[in-house]
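Throughout, a chain's letter reflects where its sequence line sits, starting with A, and its residues are numbered from 1.
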2 protein chains.
Amino acid sequence: MKLSKQARQHELKNTIEDTPFIRDEELARRFGVSIQTIRLDRMELSIPELRERIKSVATQEWNETVKALPIEEVIGEVVDLELDVRAISILDIKPEHVFSRNNIARGHHLFAQANSLAVAVINEDLALTAGSTIRFTRPVKLGERVIAKARVKGDDSKGRTIVDVHSYVDNDEVFAGSFEMFRENEPKEVGEK
Amino acid sequence: MKLSKQARQHELKNTIEDTPFIRDEELARRFGVSIQTIRLDRMELSIPELRERIKSVATQEWNETVKALPIEEVIGEVVDLELDVRAISILDIKPEHVFSRNNIARGHHLFAQANSLAVAVINEDLALTAGSTIRFTRPVKLGERVIAKARVKGDDSKGRTIVDVHSYVDNDEVFAGSFEMFRENEPKEVGEK
DNA sequence: ATTACTGTTAGTACCTAGTCTTAATTCGTG
DNA sequence: CACGAATTAAGACTAGGTACTAACAGTAAT
């Protein structure tokens, strides 16, 4: 059975939140319904059309909320950010990111995107990465667009915040990492500078 | 006198750079020429249409060309290398490596140094990082010299080569990582889609 | 004076990714 | 099978363009 209307609308919302640059046509294809249905759904959910969505990304509803990182220091382009909850960034793989021999993106760029997103999502003036475990699921090629999604999982026993980041190219996971973030202002201790 | 073509095009470029959301209609009004003239000008200057401009603001050709941090040069200088055994590199922490707020080196630079050393130490035309577990032991400050030492530990069950990297500043460990390296010439793996 | 050329303006057809409206069709369930 | 909800379809219109053709004015060269 195809998704119920409720379920579809729920997924629709998520999909658009994740990839705001998607057209109705592509959404219709994905959900196996007509374009009109997608448009009805958008209307019911009051989700604006593509161009308006792009505009609102461009007009920085997000960028004023970044605390730990000046936005220009985030690797990749932040398209969504809710502090201490989640963040999404896009990195287009360009010639400077790849090994010249095979046009595969060098790992540290994917790491950099994920790590800086993990730093950016922390609602703190100062956040540092204490450690991380990562995995490169499949190589990323020149020209591909990597969408990194960070989600704050909560704090561990030592007061470190765990941030999971998964990066995708066309819905294929290419990178997964768990970052253990150190926040300056966790315990009462003010600590040196 | 109305502006010369040259002058108008020059102003046009500036205007669009300043306020990329402006429509041709408004530009025509401002410069007292027809909308077609503006379009010809844009064509000659290869300035894209409004929607593409908005998109590129949202997609950040903007931020990227301005900052474009040359991560390529992050890797450090290799001072010792014995293939498949060990390697050492040095990275001097410069202003472009640190957070502007506190002059602490950004994690991905230490990661990049270690990761690229792990790639370099592999005796293979092509090596990729499959995964890694890392730890940032203490923050590294602007001006410090980081010495990364990689040692090849051998292969795991899946034919991945394990490389351990430890980085030091003045004999203090600042970073430790274990990298699981994939070598192209191991099994038949062609790469699915 | 005629020709050539540049710069500007005009008009048409076409495009995308929608909108809004009305109507017809199909689905799920009683 | 009927009925309302859900879906699809069809048509007209919009913004902000592209691409192309044509026309005209003013200047320069022949």
Side-chain angles (χ1 to χ4, degrees), chain A residues 1-62 77 79-80 88 90 92 143-145 147 168-171, chain B residues 1-63 65:
Chain A
M1 175 209 176
K2 322 185 79 151
L3 292 161
S4 74
K5 190 183 177 181
Q6 296 257 348
R8 188 191 55 236
Q9 292 195 343
H10 187 252
E11 287 309 304
L12 184 71
K13 201 181 164 194
N14 288 342
T15 304
I16 292 177
E17 263 167 24
D18 289 356
T19 57
F21 290 62
I22 196 167
R23 297 190 311 277
D24 287 356
E25 194 181 23
E26 170 66 13
L27 288 164
R29 207 190 48 67
R30 269 191 210 193
F31 290 102
V33 295
S34 71
I35 279 192
Q36 288 80 355
T37 300
I38 296 296
R39 288 176 178 166
L40 277 173
D41 285 348
R42 273 200 300 102
M43 213 187 304
E44 287 177 20
L45 300 167
S46 18
I47 295 170
E49 61 166 291
L50 173 65
R51 284 153 181 159
E52 297 307 315
R53 295 195 303 264
I54 292 179
K55 230 177 277 182
S56 80
V57 168
T59 42
Q60 78 222 0
E61 255 115 70
W62 37 273
E77 163 222 359
V79 295
D80 181 48
I88 297 173
I90 293 177
D92 287 320
E144 292 187 316
R145 165 166 292 186
I147 298 177
Y168 305 86
V169 170
D170 292 337
N171 291 323
Chain B
M1 173 208 175
K2 318 185 79 152
L3 293 160
S4 75
K5 189 185 177 181
Q6 294 256 348
R8 186 191 57 233
Q9 292 194 344
H10 188 252
E11 287 308 305
L12 184 71
K13 200 180 162 193
N14 289 341
T15 304
I16 292 178
E17 264 166 23
D18 288 355
T19 58
F21 291 61
I22 196 167
R23 295 189 314 276
D24 287 355
E25 194 181 22
E26 171 66 11
L27 288 163
R29 208 192 46 69
R30 276 196 203 188
F31 290 102
V33 295
S34 74
I35 219 172
Q36 287 80 356
T37 300
I38 295 296
R39 287 174 181 167
L40 280 173
D41 285 349
R42 272 202 301 104
M43 215 189 299
E44 288 176 18
L45 300 168
S46 19
I47 295 171
E49 60 166 294
L50 172 65
R51 284 148 180 160
E52 296 309 313
R53 296 196 303 265
I54 292 179
K55 229 177 278 181
S56 81
V57 167
T59 312
Q60 163 126 35
E61 258 116 64
W62 169 57
N63 227 331
T65 48

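Across the protein-nucleic acid pair, B:Arg23 atom CZ and D:dG16 atom P stand 5 Å apart, rounded to whole Å. The interatomic distance linking B:Leu12 (CG) with C:dT8 (C1') rounds to 15 Å, in whole Å. For the pair B:Phe31 CZ and C:dT9 P, the computed distance is 13 Å after rounding to whole Å. Here C:dT26 presents its C1' atom at 15 Å from NZ of A:Lys5, a figure rounded to the nearest Å. To the nearest angstrom, P of D:dA9 lies 14 Å from CD of A:Glu25. Between the CD atom of A:Glu52 and the C1' atom of D:dT14 there is a distance of 13 Å, given to the nearest Å. Between the P atom of D:dT18 and the CZ atom of B:Arg42 lies a distance of 4 Å, rounded to the nearest Å. As a whole-Å value, the separation of A:Ile35 CD1 from C:dT16 C1' is 11 Å.
Checking the phosphate oxygens (OP1, OP2) of D:dT8, a side-chain nitrogen or oxygen of A:Thr37 falls inside 4.0 Å. Look at A:Arg51 and you won't find any side-chain N or O under 4.0 angstrom from OP1 or OP2 of D:dG16. Between B:Arg8 and the phosphate of C:dT8, there is a side-chain N or O to OP1/OP2 separation shorter than 4.0 Å.
For A:Gln36, counting side-chain heavy atoms from C-beta on, the closest listed nucleotide (D:dT8, C:dT19, D:dG17) is D:dT8. Side-chain proximity of A:Ser34 to the nucleotides D:dG17, D:dA9, C:dG18 is greatest for D:dA9.
When all heavy atoms of A:Asp24 and A:Arg42 are compared, the closest pair comes out as OD2-NH2, 2.7 Å.
For the pair B:Thr19/B:Glu26, no side-chain contact is recorded, criterion being any heavy-atom separation below 4.5 Å from C-beta on.
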- B:His10 and B:Gln6: side-chain contact (heavy atoms from CB on, under 4.5 Å), yes or no, with the steps? CA-CA 6 Å; B:His10 188 252; B:Gln6 294 256 348; over 6 Å; no

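When atom types are taken as modelled, the side chain of B:Arg53 and the backbone of B:Phe21 share no donor-acceptor pair closer than 3.5 angstrom.
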